[in-house]
Amino acid sequence: MKSEPDVYSIEDLARDGRGEWEGVRNYQARNFMRDEMRVGDLVLFYHSNAKPPGLAGLARVCREGYPDSTQFDPKSPYFDPKAEPAAPRWFRVDLEHVETFERLISLAELREERALEGMRLLQRGQRLSVQPVQERYFQHALQMAGAKTRL
DNA sequence: GCCAACGTTGGC
DNA sequence: GCCAACGTTGGC
């Protein structure tokens, strides 16, 4: 999952312990949160629009997809006037902090890694903020980060 | 700030 | 349903 650290960083998640992944307004990303993600799933936390961008840490799904209340809040930047409470359009999951990597694994470094060839995150024009990671790529990323957590 | 690569909107 | 115009993402 991608987040701009100026908006919400891995350090913010570490401080909060857990957080609501609100504000996703892309249907494909929504579908992953609503239909695919399960409690206990590990999540690579990616800092986008950062200097440098890259993998910052690990989180875990602690609540499965449910309606994102910000879509109904006119004061929220994520307000969607077309969303109906009876048929919510946007969903979020809750995440809990697992670990912050000792160093950020930059996008440039990920791109240099032969073992990550084919990883969706690295594909051209790829900009989904929520996307699945194949197990072998996930394992390799954990290894690069010297993560304490194992899959 | 630039711009490629999408995704969405809305006229027809 | 098509597609041009517009908006967004996000690396560089």
Side-chain angles (χ1 to χ4, degrees), chain A residues 1-16 18-37 41-61 64-95 97-147:
Chain A
M1 298 181 102
K2 301 181 186 177
S3 183
E4 302 192 13
D6 290 349
V7 178
Y8 198 78
S9 68
I10 189 77
E11 289 79 17
D12 292 325
L13 185 63
R15 179 199 61 214
D16 297 344
R18 59 186 282 168
E20 299 171 342
W21 207 265
E22 66 189 29
V24 172
R25 294 295 180 266
N26 170 284
Y27 288 104
Q28 242 186 306
R30 177 206 65 185
N31 292 347
F32 286 127
M33 288 196 295
R34 189 189 58 187
D35 306 332
E36 308 287 338
M37 298 178 74
D41 286 353
L42 285 175
V43 172
L44 289 169
F45 196 118
Y46 178 89
H47 280 175
S48 61
N49 239 323
K51 292 175 187 168
L55 296 174
L58 256 187
R60 186 187 295 113
V61 177
E64 287 172 19
Y66 66 104
D68 179 351
S69 60
T70 62
Q71 69 194 300
F72 307 124
D73 177 3
K75 292 193 290 292
S76 168
Y78 304 123
F79 178 61
D80 181 349
K82 293 181 186 165
E84 296 283 345
R89 178 178 298 208
W90 304 114
F91 286 69
R92 66 181 175 221
V93 296
D94 291 354
L95 296 185
H97 182 263
V98 175
E99 67 174 287
T100 300
F101 295 152
E102 288 184 8
R103 63 185 190 89
L104 182 117
I105 312 302
S106 73
L107 177 59
E109 202 177 331
L110 295 170
R111 288 198 190 286
E112 284 169 10
E113 202 69 13
R114 292 291 304 274
L116 296 183
E117 264 175 39
M119 188 180 183
R120 186 165 181 156
L121 176 70
L122 306 179
Q123 277 162 18
R124 219 163 78 103
Q126 182 305 121
R127 30 170 227 180
L128 265 188
S129 64
V130 179
Q131 57 181 266
V133 178
Q134 282 180 265
E135 190 172 335
R136 67 179 190 278
Y137 300 136
F138 207 118
Q139 295 276 20
H140 195 80
L142 290 182
Q143 188 184 313
M144 287 175 76

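In the text below, chain A, chain B and the rest are named by the order of the sequence lines, each starting its count at 1. Below, each value reflects all heavy atoms present in this structure, side chains not excepted, and no hydrogens, waters or symmetry copies. These figures come from a predicted structure and were not determined experimentally.
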Considering residues at least two apart in sequence or located in another chain, which fulfil the salt bridge (charged side-chain N to carboxylate O under 4.0 Å, His left out) criterion with [X]?
X      : answer
A/E20  : A/R92
A/E102 : A/K148
A/D16  : none

Taking only residues at least two apart or on different chains, which pairs with a member in residues 104-121 of chain A satisfy side chain to side chain donor-acceptor pair (under 3.5 Å)?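 For residues 104-121 of chain A, and leaving out neighbouring residues, the side chain to side chain donor-acceptor pair (under 3.5 Å) pairs sorted by first residue read A/R103-A/E109, A/E113-A/H140, A/R114-A/E117.
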
Summary of side chain to side chain donor-acceptor pair (under 3.5 Å) pairs that have at least one residue in residues 49-60 of chain A, sequence neighbours excluded: A/E4-A/N49, A/R60-A/E96

Which residues share a ring pair (Phe, Tyr, Trp, His ring centres under 6.0 Å) with A/Y46, sequence neighbours left out: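 For A/Y46, no residue satisfies ring pair (Phe, Tyr, Trp, His ring centres under 6.0 Å) once neighbours in sequence are set aside.
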
List in chain and number order the residues that pass ring pair (Phe, Tyr, Trp, His ring centres under 6.0 Å) with A/Y27, two or more places apart in sequence or in another chain; answer none if no residue qualifies. A/W90

Interface with DNA chain B, restricted to residues 19-29 of chain A and to heavy atoms under 4.0 Å: A/Y27, A/Q28

For each nucleotide in nucleotides 6-12 of chain C, reading 5' to 3', give B when a protein heavy atom comes within less than 4.0 Å of its base, S when such contact involves only the sugar-phosphate, and - otherwise. -BBBBSS

Going by side-chain contact (heavy atoms from CB on, under 4.5 Å), name the residues that satisfy it together with A/K75, two or more places apart in sequence or in a different chain.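 For A/K75, the residues satisfying side-chain contact (heavy atoms from CB on, under 4.5 Å) (neighbours in sequence not counted) are A/D73.
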
Among residues at least two apart in sequence or on other chains, which ones pass side-chain contact (heavy atoms from CB on, under 4.5 Å) with A/A29?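 For A/A29, the residues satisfying side-chain contact (heavy atoms from CB on, under 4.5 Å) (neighbours in sequence not counted) are A/V24, A/N26, A/L128, A/S129, A/V130.
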
With a 4.0 Å cutoff (strictly under), does any side-chain N or O of A/R124 reach OP1 or OP2 of B/dA4?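 False: A/R124 side-chain N/O out of range (4.0 Å or more) of B/dA4 OP1/OP2.
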
Which pairs, protein N/O on one side and nucleotides 1-3 of chain B N/O on the other, fall under 3.5 Å?
none

N-O pairing of A/D68 and A/R25 below 4.0 Å: yes

